[in-house]
Amino acid sequence: GLIVPEFTGSHAIFGDGTAGFIEIYSSGTLTFSKKTIVDVYVMGSGLKGANGSGTTSGTISYEYGGKGGNGAKGASYTGIEALGDYDITVAATCSSTSTANASSAFGNIVRTTGASGGAGANGSNGKNGSSGVSIPFGDRNNFHLNYGGGGGGGGGSEFNRSLGVSSQYMPGSGGSVGGGRGAHAVDAGAGEANTGGGGGGGSGSYGTMKNGANGGSGLVIVKWGF
């Protein structure tokens, strides 16, 4: 018989009872009607990007772009014997620059807290998610190459009031997968939902400070029959 599980929250199922996987996008209850050997991947939330800042030294004003948020770190667990109901927790969007939300979890199996993609600073690009932990199950055929990309750094500028001369640097792009772009003339981009991507950093350009954006929510993947 089929072993496709049922889930009460937002999700998508790929494959069938012979071999498949379920991507889970929100918290809920996962139910297996018969004993099934599964592999589980859990990805937490990315961190929020830092706000822009500014300072003045004499006649020169410096406006600094904020650092992007770090992406989350994923973890894989293999060979789990599943039967019955399991509480699934998907880490929500994160509004902290230093502390991720509660870890995504499959029952009492929880990812370890940690950063993946490095964050961009002062307009530099965010880094891609770490390949060692961010490719679910190491399976490049069925899943993204990376999750947990870091957020790009925000743009900034320098203005010499006595000379009326200004210079600026542009924001960085987000890392793959899910990192948000840094702010500049527009607001910072949030980490992409269900990727654990970090939020883009805020900007300090043109005297208008823009805040950093939130980190993206997490993800749980459960596969069977592979």
Side-chain angles (χ1 to χ4, degrees), residues 43-74 91-101 113-131 133-134 144-219:
M43 164 64 71
S45 59
L47 295 179
K48 179 182 178 180
N51 296 339
S53 62
T55 186
T56 298
S57 178
T59 62
I60 301 177
S61 296
Y62 300 95
E63 297 175 330
Y64 302 105
K67 180 182 177 182
N70 285 92
K73 178 181 288 186
T93 297
C94 181
S95 59
S96 170
T97 60
S98 60
T99 305
N101 288 331
T113 299
S116 175
N122 294 328
S124 61
N125 294 336
K127 305 299 188 296
N128 292 345
S130 303
S131 60
V133 294
S134 293
H144 281 305
L145 295 184
N146 300 286
Y147 283 104
S157 65
E158 177 182 319
F159 179 60
N160 188 317
R161 294 187 301 279
S162 64
L163 299 178
V165 175
S166 65
S167 61
Q168 60 181 305
Y169 56 86
M170 302 303 289
S173 59
S176 178
V177 172
R181 180 177 177 81
H184 194 241
V186 297
D187 293 339
E192 186 177 344
N194 301 122
T195 68
S203 68
S205 297
Y206 306 112
T208 302
M209 302 296 179
K210 293 185 181 296
N211 293 336
N214 290 339
S217 55
L219 178 71

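Heavy-atom basis, side chains included; hydrogens, waters and symmetry copies ignored. Everything numeric in this text was worked out from a predicted model, so none of it was measured. Counting begins at 1 with the first residue of the sequence.
- Remark: the backbone N or O of I60 is not paired with any side-chain donor or acceptor of N160 at under 3.5 angstrom.
- The heavy-atom pair separating G182 from P171 by the smallest distance is O-CB, 3.3 Å.
- One finds the CG atom of L47 at 10.5 Å from the CG atom of N214 (value rounded to the nearest 0.5 Å).
- Residues that satisfy the side-chain contact (heavy atoms from CB on, under 4.5 Å) test with T56, not counting sequence neighbours, are S61, R161.
- The CD atom of E63 lies 10.5 Å from the OG1 atom of T55; values are rounded to the nearest 0.5 Å.
- Put simply, OH on Y64 and OG on S157 are 10.0 Å apart, with the number rounded to the nearest 0.5 Å.
- Checking S173 against N125 by side-chain atom types alone, a donor-acceptor pair falls below 3.5 Å.
- Nearest heavy atoms, G201 versus A188: O-CB, 3.6 Å.
- From S45, atom OG reaches atom CG of L219 across 12.0 Å, with rounding to the nearest 0.5 Å.
- Checked against side-chain contact (heavy atoms from CB on, under 4.5 Å), T97 has the following partners two or more places apart in sequence or in another chain: K48.
- The heavy-atom pair separating Y169 from G154 by the smallest distance is CE1-O, 3.5 Å.
- Within the 3.5 Å criterion, the main-chain N or O of N194 finds a donor-acceptor partner in the side chain of S217.
- Considering every non-hydrogen atom in both T59 and S162, the closest pair reads OG1-OG, 3.5 Å.
- Inspection of the S167 and E158 side chains reveals no N or O donor paired with an N or O acceptor under 3.5 Å.
- S166 and F159 make their closest contact through CB-CD1, 3.6 Å (heavy atoms, listed as atom of the first residue, atom of the second, distance).
- In terms of heavy-atom proximity, K210 sits nearest to A183 at CB-CB, 4.0 Å.
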